Every structure is written in C-alpha cells, then in structure tokens.
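Small disclaimer: the values here were computed from a predicted structure and weren't measured. All heavy atoms count here, side chains included; hydrogens, waters and symmetry mates do not. Within every chain, numbering begins at 1; the chains are lettered A, B, ... in the order of the sequence lines, protein sequences first and strands thereafter.
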Amino acid sequence: MAKIKPSIPQGTRDFGPQVMRKRNYIMQTIRETFQVFGFQPLETPAMEQLDTLTGKYGDEGDQLMFKILNNGETLNKAATPIAASIQENTPLTRSVRLFSEKALRYDLTIPFARFVAMNQNELAMPFKRYQMQPVWRADKPQRGRYREFYQCDADVVGSNSLLNEIELLLIYDTVFEKLGLHGHELRVNNRKILSGLAEIAGRPDLLTDITVAIDKLDKIGIAKVKEELQQRGLGETEINVIENFLHIDGSNSEKLAQLSALLKNSPTGMKGIEEISFVLNAGLAKFSSTPILDVTLARGLNYYTGMIIEVKAPASVAIGSIGGGGRYDDLTGLFGLPGISGVGISFGVDRIYDVLEQLVLFPEAAQQSTKVLFLHLGEASIQTAFPLMMQLRRKGIPAELFHEASKMDKQLKYADKRSIPYIVILGDSELAENKVSIKNLNTREQQTVTLEDFELFAFE
RNA sequence: GUGGUUGUAGCUCAGUUGGUUAGAGCAUUAGAUUGUGGUUCUAAGGGUCGGGGGUUCGAGCCCCCUCAUCCACCCCA
C-alpha cells in the first residue's frame, strides 16, 4: 500500500485528550444547566433531506451547504438523463437532485423545526429542547471559523410568554457563573424596536439594510454607519432620525424613556419597548450579570421578530460574541405547521473555550485523567495490584495498571508524561510485608501503608 | 467568491548571489542504570525538500502551472 501523508480535511479539527477534557467540562456545564431549567435532550441525524434544508438560509446558505453524493444505483440512474441532456445540448433542470438528495446539517434550528413539525401531535407544548451537535458549512476556513463546528442550542417553541425570554437569559447567567466567568455582558434588544425605528425614519422597506448597517456601529463607528446608510439608499433626514436613535444612552430605564419618546408614533416600536421593559424589570430573579439594553444590537439573522440577545466576552480577551439568540415567529410554517412562535439561545463553545483558556479558568479537575498508576513489577505483583486497582475504580478513582513489566524508570516516565499524580508500588519487599507503597509524584513523598490503610487512603 | 502568506524529518524551523553526500532542536527507540521519574551523556532510525513541468553543466533556492495551508475582506458561529 502506498504511503500517504496523513491529514484531515480543510477546516476540520482533531480534539486531543487534553482539549477534549476541557471541551467536555464546558459542554457538561451547559448541559446540566439546560436540564435543570427543564429542557429536554434532542439529537437529529447528521444528514437531512436536501429539500428540508435548501432555501432556508438564503442563496449563500445553499452554496455553503455540504451536499452528499448519491451512491450506487441512484447515481448510475442519474447518469442516463445527464448524458442525454449533454448530447441534446439541453439544460438539465434540477440536476443537483440527480447527484445529491441529502446534505449535512447546516445548523440545529431547521432540523429542530422539522422535528417539531413531524411530531407535533406527540409533543407536549410548549416544547423545550436542547441540542448539542456538530454542524457543517462549506465556508472558506479562517481564524476561529471552521467547516465543522459545534452548536449548543436551547429553544422553546409553542409559547409566546415573555417568561421564556427571562428563563433563557438566566440560563446564560447561570452557565457563565458556573464557569467562573466575570466581566461578560448580556446585551438585549427587540427587533420590534428596530422595526419601529425604520417606520419613524420613513423607510420600513429598508429594515434589513438599516439593521445590517447599525449592527456594525461598534466596529466601524458612527461616521461609517451613516456612510453605509447613504449607500443603502437612505436620505439625509432619514439618516438623522437613525443617528438620534443611536445616541440613546444611559441606564436601562433612561434608555427606555428616550426610546418611548422617539418611537411614540410607532405601535410596533412601542410594543417592542413594552416587551423589553417587561423582560428587564420583571424582578423575578437575581442576575449575577444584569442584562443591558443595547439599542444598536441588531444581529444579522432576519428571521428574528422579538427579543434579540447577544453575549459579549469580557473586554479583556477581545474575542467578541460568545453566544446569541432571539425570538422568531412561525419557524415551522415552512413545514406545514404555522403559527408556532419560538425563542432560543446558542452557546459558542469554541469561543468560550478560548476565553476560559486565556483567563486560566479551567479547573484542575477538568484537566486530570488517571489519578493512580499501579506499577507492573512482575506476575506476583499484579496478582495483588489488580484487585486493589479495581477497588479504587469502584470508588470512582481513575486508576490503571502499567501494561507490562518494563523497567521502573520507563513506567515512571509514563506516569510523568500523563501527569498521573500517584503511583502504587507492590514489589517483593511490600508483598513480603503485606504492605503497599504509595508515592505522590508531585511532592515526591512516599509512604508504605498496610492493605487496610490503603483502602482508606484519600487520593486527592 | 477577492487579495495576500507559507509549504524542507513525526513536530518547530535553519539552509548565504544556484555549487560536493540537505542540517539543528524537540520527539521516538536503545544503552549508560537489576526498585524510584522530570536532569545529563552516547548511539540509532527517520527526507520523492508539497506535486508536475521548465531554465541550467548543476535547482531546496530561479520561472510557469497545480495542490495544500494560514491570514485579511465579504458573510457568519
């Protein structure tokens, strides 16, 4: 067999043991939190029918979708009409379908909507689910951007209650509290406020252009935003209205008062203000990091219709957004189940990883694997060692036995390399006395104890 | 999709205006060491110099094509 240079596809990653342990720590923290908030687990297949996904993410989304090549007979059958159309020089409509009928999932939201539509009669509404799985995009990879990455989503469908918004904000607050993160910001806004702004400015038709432009405010500054608005077709007086809006500042209640004055003639805008002030002022729970009203928060996804949320990493790490979400109406309408409103959030695991790494917030426990290594010092030694090792494992202490009777030097080097803190030595002298030697490799202290004391020994 | 960067040992990288048999560190394996590691020393293995073509007496180095990679933009998570 020819030797090939091993490699992995562009934009994909291996996660080695040390990285996986830290990733698991993040994912477990998120999962536990989802569960205590009453969310239920869901997994959907890596691939979906092509029809389920196409047209849901815009033209660009269709381009970035990984399509799966049909196999065997199906592909062979496709060859005939393709050959015919080439010969007759006629365009082959829906040619993609002949090659591919499936695609890798592009996000978790559409498969979730599909699942809800398929199982509408069995599900207890409102349906609260969480889902943590990889998604794939045929994007050109670059820093912090991959072709395969994980999304961790929690959504509630079938309820218009704003209590859901509050609960989701509390999930963020709880997770980041548990991860020991401080200095992050929970920013909220409401799409209806932005709609109201477009109305007041006299350009409800350009809502998307307006949101795209003001979303860039903290990146490019007010002058450039105005420039962009002009390029997108807004007049001077219209831009002035938006500029006034962008200058809204102060505490949450001050901002709400200014908004009310500005948007008083827009029923949609006033509805948005009402919603957001309920969410911010309900006073049902204490936040360790109080949500901040940010009227310039827009978020690109234009299916949002109510509250929008974004979590910003602490300013000290310059990583930006580590999560986001919002409310969307009629998500399942495309699958024949209209009138179902949903609200959801998403955690950016890769970025949270980078934040915790930079701030050195991973606990020691998330980084350790095996705690105790039993040295292999010959047949007689392992006869005693093996049951003792199993005893530790039953107590939940990760333990292993060296695989062969190598030189002690080599076994110790293995322990060192694996960062195993304790070794257990059962050599001829220990066996003769019915004792066990335990060495702490960090402190280099060694003690010899009886079998009874070994049972009580705390490996910490 | 647009622009740029870099491809030399398992990894990180040297390699002069083109000149004999392409180097170093780390890692691996073995030994110095018959029950105590992280240090040190010695030795060994490991390369189609990303691939193809061209210029030349001669190419890791120059030219063309191609593939991969990373970075920035667009967009997004």
Side-chain angles (χ1 to χ4, degrees), chain A residues 2-14 16 57-65 105-109 132-153 208 211-212 215-216 219-220 228 298-303 309-313 319-326 344-355 373-378 380-381 402 405-432 435-448:
Chain A
K3 254 203 282 185
I4 53 151
K5 199 172 186 177
S7 67
I8 55 174
Q10 190 181 34
T12 63
R13 297 162 290 171
D14 288 324
Y57 310 103
D59 289 344
E60 194 142 0
D62 290 351
Q63 292 290 316
L64 297 180
M65 212 140 56
R105 81 168 92 76
Y106 185 85
D107 72 357
L108 300 179
T109 310
M132 311 172 83
Q133 290 186 276
V135 304
W136 294 270
R137 294 185 190 177
D139 211 347
K140 207 168 169 179
Q142 56 178 275
R143 186 176 191 74
R145 202 162 165 195
Y146 304 96
R147 287 187 153 180
E148 178 185 64
F149 61 96
Y150 276 75
Q151 289 191 332
C152 300
D153 285 15
T208 306
T211 54
V212 168
D215 195 33
K216 298 179 180 171
K219 247 188 199 169
I220 62 177
E228 181 149 351
R299 305 216 79 216
L301 300 163
N302 47 24
Y303 56 72
I309 317 170
E310 184 157 292
V311 189
K312 295 196 117 180
I319 278 174
S321 170
I322 51 175
I345 55 171
S346 186
F347 285 85
V349 186
D350 295 297
R351 291 206 175 162
I352 293 171
Y353 183 99
D354 292 340
V355 171
L373 176 72
F374 287 77
L375 298 195
H376 191 318
L377 301 169
S381 161
F402 198 79
S406 306
K407 286 193 301 186
M408 198 175 221
D409 157 85
K410 197 172 174 180
Q411 303 194 36
L412 282 161
K413 276 182 177 161
Y414 173 80
D416 182 46
K417 199 169 228 175
R418 287 276 315 275
S419 311
I420 297 172
Y422 288 97
I423 55 163
V424 170
I425 302 165
L426 277 160
D428 296 339
S429 49
E430 283 87 357
L431 291 174
K435 287 190 169 174
V436 184
S437 290
I438 303 166
K439 178 167 183 175
N440 181 326
L441 294 183
N442 296 326
T443 61
R444 309 186 78 141
E445 283 165 18
Q446 181 168 333
Q447 50 185 304
T448 303

* To do: Report the C-alpha separation of A/L441 and A/D416 in whole Å, then their side-chain angles, then the decisive distance to 0.1 Å, and conclude whether the side-chain contact (heavy atoms from CB on, under 4.5 Å) test is met.
  => CA-CA 8 Å; A/L441 294 183; A/D416 182 46; 5.6 Å; no
* To do: Determine: side-chain N/O of A/Q10 to OP1/OP2 of B/A68, distance under 4.0 Å, yes or no.
  => no
* When rounded to the nearest 0.5 angstrom, what is the spacing between CE in A/M132 and CG in A/L108? -> 10.0 Å
* Asked: B/G10 and B/G19: how far apart are their C1' atoms, nearest whole angstrom?
  -> 31 Å
* Which of these, A/V135, A/D62, A/L64, sits in a side-chain contact (heavy atoms from CB on, under 4.5 Å) with A/Y106? -> A/L64
* **Atom pair CG (A/N440) and CD (A/Q447), whose distance is rounded to the nearest 0.5 Å** => 9.0 Å
* Asked: Just checking A/G144: base, sugar-phosphate only, or nothing, at a heavy-atom cut-off of under 4.0 Å?
  -> base
* If you look at every strand shown and take non-hydrogen atoms under 4.0 Å, does A/Y146 touch a base, only sugar-phosphate, or nothing? -> base
* Provide the distance between the two P atoms, one in B/C13 and one in B/G7, to the nearest whole Å. => 9 Å
* Structure fact -> Looking only at heavy atoms, the pair that brings A/G378 and A/A405 closest together is N-CB, 4.0 Å
* Considering only atom C1', compute the distance from B/C70 to B/U5 and round it to an integer number of Å. => 7 Å
* Structure fact -> The reported gap from CD in A/Q151 to CG in A/D350 (rounded to nearest 0.5 angstrom) is 10.5 Å
* Check RNA chain B for consecutive Watson-Crick or G-U pairs with both distances under 3.5 Å and list the runs of at least three as stems. => B:1-4 with B:70-73, B:10-13 with B:23-26, B:28-32 with B:40-44, B:50-54 with B:62-66
* **Any donor-acceptor pair under 3.5 Å from A/Q411 side chain to A/S406 backbone** => yes
* To do: Please report the closest heavy-atom contact between A/S321 and A/E310, naming both atoms and the distance.
  => OG-CG, 3.8 Å
* Sugar-phosphate or base contact per nucleotide [nucleotides 25-38 of chain B; S, B, -; heavy atom under 4.0 Å] -> --SS-S----BBBB
* Does A/R145 make a side-chain N or O approach to OP1 or OP2 of B/C76 shorter than 4.0 Å? -> no
* **A/S437 and A/E430: CA distance, side-chain angles, deciding distance, side-chain hydrogen bond (donor to acceptor under 3.5 Å, both in side chains) verdict** => CA-CA 7 Å; A/S437 290; A/E430 283 87 357; 2.7 Å; yes
* When the C1' atoms of B/G45 and B/A27 are considered, how many whole Å apart are they? -> 13 Å
* Asked: Nearest-Å distance, CD1 (A/I345) to C1' (B/A77)?
  -> 15 Å
* **Inter-nucleotide P distance (B/U8, B/C74), Å rounded** => 31 Å
* State which of B/U2, B/C76, B/A72 makes the closest approach to the side chain of A/K140. => B/U2
* Can you tell me, in whole Å, how much space there is between the P of B/C75 and that of B/G15? => 40 Å
* Quantified in whole Å, what is the C1' atom distance between nucleotide B/G18 and nucleotide B/G3? -> 31 Å
* Closest-nucleotide 5' rank along RNA chain B - winner of A/P141 and A/R351 -> A/P141
* Asked: Taking only side-chain nitrogens and oxygens of A/Q142, does any of them come within less than 4.0 Å of OP1 or OP2 of B/A72?
  -> yes
* Check A/L373 against A/F402 and note the closest heavy-atom contact, atom names and distance. => CD1-N, 3.9 Å
* Using the C1' atom in both, what is the distance from B/G52 to B/C67, to the nearest Å? -> 10 Å
* Between B/C75, B/A77, B/A72, spot the one nearest the side chain of A/K216, thanks. => B/C75
